[in-house]
There are 2 protein chains.
Amino acid sequence: MPKKEIFCPVEVTMGLIAGRWKVIAIHYLFDGPKRFNQLQRELRGVTHRTLTKQLREMEGDGIVLRKDYKEIPPRVEYSLSPLGKSLKPILLALHEWGEAYCKKEGANRIK
Amino acid sequence: MPKKEIFCPVEVTMGLIAGRWKVIAIHYLFDGPKRFNQLQRELRGVTHRTLTKQLREMEGDGIVLRKDYKEIPPRVEYSLSPLGKSLKPILLALHEWGEAYCKKEGANRIK
DNA sequence: CTTTACGGTATCCTTTTTGTGCGTACTTGC
DNA sequence: GCAAGTACGCACAAAAAGGATACCGTAAAG
């Protein structure tokens with residue numbers, strides 16, 4: 001999205017979670033800390049470049065934590081910060097609504 | 001967003017409301033039906049082309065209704081469908097979280 | 001007679017986002 | 001000794017989103 005002045009809190013939140021893989025990444029991170037490649041495999045389809053970018057953005061926004069163990073071969077763990085965990089109600093709301101929507105969609109297709 | 005297979009309901013919902021002006025438009029439509037130009041003025045900054053596109057997409061997804069009065073000069077009213085209105089909890093969650101985030105941001109800046 | 005408003009469509013262009021593929025430094029397993 | 005895995009960075013390319021502008025037909029206002 002191009003830059004735009006944001007006045008409404010709703011947009012603030014959207015600005016932080018809008019990103020092709022962010023919500024799903026957050027979703028998976030609710031299971032607990034994950035290593036980079038583990039996450040990438042779970043998200044099936046992200047390239048490392050994109051995943052890195054989105055995780056780093058979320059780190060910058062304070063919703064994801066990055067722990068670099070400085071080992072060789074590299075080991076990096078991503079996890080949700082408390083702020084990130086506080087997104088749970090939103091994720092739940094999105095999930096619930098999406099599920100209901102899909103059911104309705106299915107029902108409509110039968111007609 | 002480029003095309004991508006969607007497996008998770010969370011993504012379904014995000015796919016429908018991700019769009020530069022969609023959530024704010026929905027926000028304003030919670031006030032009641034609005035005419036096109038009225039909405040455009042309220043959203044300060046959208047071009048009519050973009051607003052048209054986003055409204056039509058939402059119409060296609062079933063969350064917005066479009067009533068064309070077939071008058072001259074044209075009169076078209078947009079409103080939320082019941083499905084659109086059912087997004088309220090999500091909007092509220094986004095709003096609440098965004099507000100809390102902004103306060104925290106402000107607090108951090110003072111440090 | 002000109003301007004303004006309405007609700008768009010069509011065309012072109014810029015910005016933003018995401019993907020592709022290569023390179024890296026080092027270790028472990030075969 | 002060679003491949004595979006780890007967590008990226010980087011240059012380049014493609015795709016998608018959004019914006020700028022012109023135009024349309026009609027009518028009311030000035």
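A note on names: the letters A, B, ... follow the listed sequences, proteins ahead of strands, and every chain is numbered from 1. Here the structure is a predicted model, which is why all the values come from computation and not from measurement.
- At the phosphate of dC26(C), neither OP1 nor OP2 sits under 4.0 Å from any side-chain N or O atom of R75(A).
- Residue contacts shown for Y69(A) are absent, as no nucleic acid heavy atom lies under 4.0 Å away.
- Nearest to the side chain of P73(A), among dT11(C), dT18(C), dT6(D), sits dT6(D).
- Atom NZ of residue K22(A) and atom CD1 of residue I24(A) lie 12.0 Å apart, to the nearest 0.5 angstrom.
- Of all nucleotides listed (dC12(C), dT18(C), dA7(D)), dT18(C) comes nearest to the side chain of R49(A).
- Sequence order on DNA chain C of the closest nucleotides to T47(A) and E77(B) puts E77(B) first from the 5' end.
- Here CD of E42(A) is found 6.0 Å from OH of Y28(A). Values are rounded to the nearest 0.5 Å.
- Remark: Q54(A) CD to L43(A) CG distance equals 9.0 Å, nearest 0.5 Å.
- Straight-line distance from the CD atom of E57(B) to the P atom of dA16(D): 13 Å, rounded to whole Å.
- In this structure, CD1 of I72(B) is placed 15 Å from P of dC24(D), rounded to the nearest angstrom.
- Between dT9(C) and R56(B), a contact under 4.0 Å exists linking OP1 or OP2 to a side-chain N or O.
- Along DNA chain C, the nucleotide closest to P74(A) and the one closest to V46(A) are compared, and the more 5′ of them pairs with V46(A).
- Phosphate proximity of dG18(D) to Q54(B): present, with a side-chain N or O under 4.0 Å from OP1 or OP2.
- For H48(A), whose side chain is taken as the heavy atoms from C-beta onward, the closest listed nucleotide among dA7(D), dC22(C), dT9(C) is dC22(C).
- For the pair K70(A) NZ and dC26(C) C1', the computed distance is 16 Å after rounding to whole Å.
- The F36(B) side chain lies nearest to dG7(C) when the options are dG7(C), dT26(D), dG19(D).
- Checking dT18(C), dC26(C), dT6(D) against the side-chain heavy atoms of R35(A) singles out dT6(D) as nearest.
- Across the protein-nucleic acid pair, L51(A) atom CG and dG9(D) atom C1' stand 14 Å apart, rounded to whole Å.
- Protein atom NZ of K67(A) is 15 Å distant from nucleotide atom P of dA7(D), rounded to whole Å.
- Expressed to the nearest 0.5 Å, how far OG of S86(A) lies from CD of E96(B) amounts to 10.5 Å.
- Within the 4.0 Å cut-off from OP1 or OP2 of dA15(D), not a single side-chain nitrogen or oxygen of R20(A) is found.
- What separates CD of Q38(A) from C1' of dC8(D) is a distance of 17 Å, to the nearest Å.
- L83(B) CG to L65(B) CG: the interatomic distance, rounded to the nearest 0.5 Å, is 9.5 Å.
- The side chain of T50(A) has dG19(C) as its nearest neighbour among dG19(C), dC6(C), dG9(D).
- F36(A) and Y78(A) have tilted rings, their planes meeting at an angle from 30° to 60° on a 0 to 90° scale.
- Rounded to whole angstrom, the span from the CD atom of Q40(B) across to the P atom of dG19(D) amounts to 11 Å.
- For the pair R66(B) CZ and dG7(C) P, the interatomic distance rounds to 10 Å; values are reported in whole Å.
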